[in-house]
Amino acid sequence: MISLSTPIEKIPRIGPVSLKKLKRLGIRTINDMLFHFPYRYEDFSNLIPISELKINEICTVFGKVTEIKNTKTWKKRMMLTHIILEDKTGAVKAVWFNHPYIIKMVEKGDSIFLSGKLTIGKQGIYFSNPSYEKANEISNLKHTARLVPVYPETAGLSSRWFRYILKPLINEFGDKIVETLPEKIIKENNLLSVKEALWQIHFPDSFESVKKAKERFSFEELFFIELYVLKERSKIAKEKAVSFPFNLKLIKSFITSLSFKLTDAQKKSAFQILKDLEKERPMNRLLEGDVGSGKTVVAVLAALIVSKAKYQTAFMAPTEILAKQHFHNVSRFLKDFNLNIGLLTGKQDQFFSKKLKNQVIEISRRKILEKAKEGEIDILIGTHALIQEKVKFGKLALVILDEQHRFGVKQRAKLVLKDNQKIPHLLSMTATPIPRTLALTIYGDLDLSIIDELPKGRKKVITEIVSPNERFKTYKFITKEVKKGRQVFVICPRIEAKNNEKSLNWAEVKAVKEEYEKLSKDIFKDLKVSMLHGKMALKEKEKVMIDFKNKKTDILVSTSVVEVGVDIPNATVMMIEGAERFGLAQLHQFRGRVGRAGYQSYCFLFTESPAIKTQQRLRALISCENGFALAERDLEIRGPGNFSGTRQWGIPDLMMNSLKDISLVEKTRELAKQILIEDPQLKKYPVLKIRVNKLEKKVHLE
Ligand code: ADP
Ligand code: MG
């Protein structure tokens, strides 16, 4: 039997070519097809007599075809299809360019609708490429005389084709779509039913009903997300963890051992974390803080408390380079505390121990694993392979995640301490500033600590948009900075140049390899220039980074791989090519790579794009130094669909749009809470339960 989950191959009207294109769009089942939504609508609802047509107005006419023919243009050999349409009030011409098959669909004498804009051109006054539809479909119009849906046509499938397939499909399957929202919620919130919403989003009665349909789908998506995060939260709340008493003496001795004073925001976050560690239920906290705000030291304090109580910490970084950097920083921060700290990476495993007179030594992987199992390593640092590779920890009580956001209850359950069935506390850190609405939703299962100030004494990074004719002035400036002993990043959007893009003028995109050649051999031939990109071998990348860090090179030409976390305090210039290619949040991350020591630092944004939106976005970067405020701006200007990091959560664009609406976020959250209080296992709502479970799989990518 044919159902919603039936593969689209089974729909007879879809041929093999279209089938391939649909698959490229990720559409596999009838359900996928029904939920492929239009992104805008053409308003063809204004049906008028031919005599009332006006130039440049969009409208629809209805009449009889009195003439139809194909001709070829003399010069370009383009096929033109002409028809004359007549009603009681007059006649009008319509012309299609390169749609010769129309002549097979429409015959002389047919009654048809034409929708489009009347124009004046070489062919006189005529409809140019109008939408058309035969009158025998009058009860079932889809292309004319109404609001007509326009679909994203990325794979070369036309909107006309989608309408042709979709209308009968909704007719047939609309009834089979199961309502996912509880009846009561639909009524009380004045929402459309799923079936009605589906009709209205594809073939709406009015713009008002489009809005209502979108509202219904946004509501639904938000509601599921809220249910999911609240369920996750309650699951964690039921688990047990080791509690660590507030050790004021130890905390004080750590703080006084630092070479700097903690900022108030650092202190506040540290306090929240230490309070969590005191509890017997597992901490589940996200530490958000702008680049350079000093998250690491806060996390290290938590690890110290855990270590001194003879429990272990796993500290996971997104890349091996960063794991290594953390290893060295953590070892330095804790050098007076008599701890064993390990680094587990692909090849070079290292070990730091007070007993070894504060030295770092290399030991075998086997030995590190052994020591971890015996509880002899207090803090083990590595990539997420630490957990995935099933490193056995004897007494793991804290997991710190740098830039990985989330770690499901199930993943954590795998790390339970066998003797007491307790699960580790979790501290997740991110430099991606997430606006509150978003945080409340996608990170609603986590408690939030925010470090919203930078350490004192940091100079504001001077940010400038550089026009193409000032390029050489900037190169001169860079040379001067290097002569002063400073270092420079040059960021390019891609690794290699693409030939076909070269001709496109402003769209020409700078590539690392080319720029490296140009800068090292020509512009800065007296300086030491190096190159970094994602396609290089790990060893090579590390060498480049280490050489840069040790000031063996002056200028590093790189792709966005340097975006996350690398600490080069001596760097003062961040020069970004093709700045329009990056999101504001990402540009802000790049900028955070400089200005980390006391030197005045600079961020130069190169763009050859004249688009107003680009200029607007880049100017926001100049006027705003605060990552959170910038994230809000990015959300406003680019729309939430592009918001960094959200794509990977599988959050649909439609819902992303509704995230702007904080009152809707709050409302759905409240409703989700009520439902869970009444029925925590969602026993009375089997459909809801299925949807929430699906979401769980998506979010944790398990
Ligand atoms: P991020 O939050 O981006 O991870 P880091 O933890 O790497 O930032 O800290 C950036 C730099 O600032 C490090 O060199 C760190 O030692 C230093 N730092 C951290 N806190 C302070 C502070 N309160 N005062 C001065 N420097 C600090
Ligand atoms: Mg960091």
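We use all heavy atoms of the structure for the numbers below, so side chains are in, but hydrogens, waters and symmetry mates are not. When a ligand or atom number is given, it counts from 1 through the structure's own listing order.
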Polar atom proximity, P455 to ligand 1 (N or O, under 3.5 Å): no
Donor-acceptor pair, distance only, cut-off 3.5 Å: does the side chain of K551 make one with the backbone of G485? yes
State yes or no: are the ring centers of F489 and F548 separated by less than 6.0 Å? yes
Test of understanding: given a 4.0 Å heavy-atom threshold, classify the contact between L262 and ligand 1 as side chain, backbone, both, or neither. backbone
Regarding S243 and E278, is there a side-chain donor-to-acceptor distance under 3.5 Å anywhere? no
Checking heavy-atom distances from atom 1 (P) of ligand 1 to each of K261, Q325, K295, the winner is K295
Quick check on contacts: which atoms of ligand 1 are under 4.0 angstrom from a heavy atom of T296? 4 (O), 5 (P), 6 (O), 7 (O)
Could you tell me whether the side chains of T430 and E288 share a donor-acceptor contact shorter than 3.5 Å? no
At less than 4.0 angstrom from any non-hydrogen atom of F333, what atoms of ligand 1 do you find? 16 (O)
Would you tell me which option among K456, R596, H326, Q266 has the nearest heavy-atom contact to atom 20 (N) of ligand 1? Q266
Tell me whether R332 has any N or O atom under 3.5 angstrom from an N or O of ligand 1. no
Can you find an N or O of G289 that's nearer than 3.5 Å to an N or O of ligand 1? no
Side-chain ion pair, K235 and E232, N-O less than 4.0 Å: yes
Indicate yes or no: does E481 engage K484 in a salt bridge with an N to O separation below 4.0 Å. yes
In ligand 1, the atoms that come under 4.0 Å of a heavy atom of T263 are 23 (N)
Determine, for F606 and K510, whether the Lys NZ or Arg CZ falls below 6.0 Å from the six-membered ring centre while staying within 45 degrees of the axis. no
